[in-house]
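Remarks on the structure that follows.
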Amino acid sequence: MALNLDLLQAQLNEMKEYISEKDIKNSSVSSAPVEWHLSHSLKVINNIISSLESSHPGNFKKEFSFWKVVIFLTRKIPRGRARSPKAVLPPEDITLEHLKGEWSKAKQNVSLINSFPGKAHFEHPYFKHLDRNQTKKFLEIHTEHHLKIIREILEKG
């Protein structure tokens with residue numbers, strides 16, 4: 001069954017609009033500027049979809065995670081609680097070219113999600129194995145979390 005990717009595509013389109021405002025910062029909202037949130041979110045999308053692509057569906061393990069249930073039901077990630085893994089931290093110098101490249105790659109990668117088997121998966125540090133459908137939902141929630149922060153930075157910036 002094909003997943004509806006409209007929300008993720010719309011989120012990516014919104015992110016593209018913010019690339020030109022990458023240097024704006026508002027420390028009362030976040031210690032990081034817009035560019036950090038954009039780069040991090042795009043790296044998360046790209047790395048996770050790459051993990052889905054290279055996963056072995058037969059190795060998928062359904063595991064219970066209390067926090068996965070809470071986050072998936074509320075569709076909200078609490079701010080300032082978790083630390084990002086090194087693999088999805090932005091580079092020291094976040095250039096316009098870097099953001100545009102990561103965005104283009106993410107746009108292409110999101111369109112691949114429906115080509116993966118249902119049990120394609122990635123291992124989240126807190127939620128354990130997420131299958132393709134759960135991964136799509138996680139990406140929507142995570143991306144929206146950072147878009148909300150960016151919107152607040154720009155509103156008050």
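Between His142 and His40, a ring centre-to-centre spacing shorter than 6.0 Å is recorded.
At least one donor-acceptor pair under 3.5 Å links the side chain of Ser115 to the backbone N or O of Leu112. A donor-acceptor pair under 3.5 Å is formed between the side chain of Asn46 and the backbone N or O of Ala106. In this structure, Thr74 contributes its side chain and Val70 its backbone to a donor-acceptor pair below 3.5 Å. Ser30 places a side-chain N or O within donor-acceptor distance of the main-chain N or O of Ala32, the cut-off being under 3.5 Å. Listed for the Asn109 side chain is no donor-acceptor partner under 3.5 Å among the backbone atoms of Ser50.
Remark: Ile49 CD1 to Ser111 OG distance equals 8.5 Å, nearest 0.5 Å. In this structure, CD on Glu140 lies 9.0 Å from CG on Leu3, to the nearest 0.5 angstrom. Taken to the nearest 0.5 Å, the CD atom of Glu144 stands 10.0 Å off from the CD1 atom of Ile150. Between Lys61 atom NZ and Asn59 atom CG the span is 7.5 Å, to the nearest 0.5 Å. Between the CD atom in Gln11 and the CG atom in Leu139 there is a gap of 9.0 Å [rounded to 0.5 Å].
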What do the steps show when you test Asn13 against Lys107 for side-chain hydrogen bond (donor to acceptor under 3.5 Å, both in side chains), and what is the final call? CA-CA 9 Å; Asn13 290 337; Lys107 191 78 170 166; 2.8 Å; yes
Are His146 and Trp36 close enough, and set up right, to give a side-chain contact (heavy atoms from CB on, under 4.5 Å), and what steps lead you there? CA-CA 10 Å; His146 287 282; Trp36 189 95; 4.0 Å; yes
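Annotation: side chain of Phe72 is in contact with side chain of Leu130 (closest heavy-atom distance under 4.5 Å). Counting only heavy atoms from C-beta outward, the side chains of Gln134 and His129 never approach each other to under 4.5 Å. No side-chain heavy atom of Thr135 sits under 4.5 Å from any side-chain heavy atom of His121. Contact check for Met15 versus Thr143: side-chain heavy atoms found under the 4.5 Å cut-off. Side-chain contact between Lys68 and Glu63: absent, with no pair of heavy atoms (C-beta onward) separated by less than 4.5 Å. The shortest distance between side-chain heavy atoms of Leu42 and Leu12 falls below 4.5 Å.
Heavy-atom neighbours of Lys137 NZ from other residues, nucleotides or ligands within 6.0 Å: above the threshold of 12.
Listed here is the closest heavy atom pair of Leu147 and Tyr18: CD2-CE1, 3.8 Å. Contact detail for Leu52 and Phe122: the closest heavy-atom pair is CD2-N, 4.2 Å.
The side-chain contact (heavy atoms from CB on, under 4.5 Å) search around Glu53 returns Phe116, not counting sequence neighbours. Evaluation of the side-chain contact (heavy atoms from CB on, under 4.5 Å) rule for Asp23 yields Glu35 as partners, not counting sequence neighbours.
Just one of Lys136, Arg75, Lys76 meets the side chain to side chain contact (heavy atoms under 4.5 Å, CB included) condition when paired with Ile141; it is Arg75. Of the residues Ser39, Ser104, Ser20, the one that meets the side chain to side chain contact (heavy atoms under 4.5 Å, CB included) test with Leu99 is Ser39.
Using cut-offs of 30° and 60° for the angle between ring planes, the Phe138 and Phe127 rings count as perpendicular.
For the pair Lys148 and Glu155, the salt-bridge criterion is not met [side-chain N within less than 4.0 Å of a carboxylate O].
Judged purely by distance below 3.5 Å, without hydrogens or angles, the side chains of Asn26 and Glu152 never pair a donor atom with an acceptor atom.
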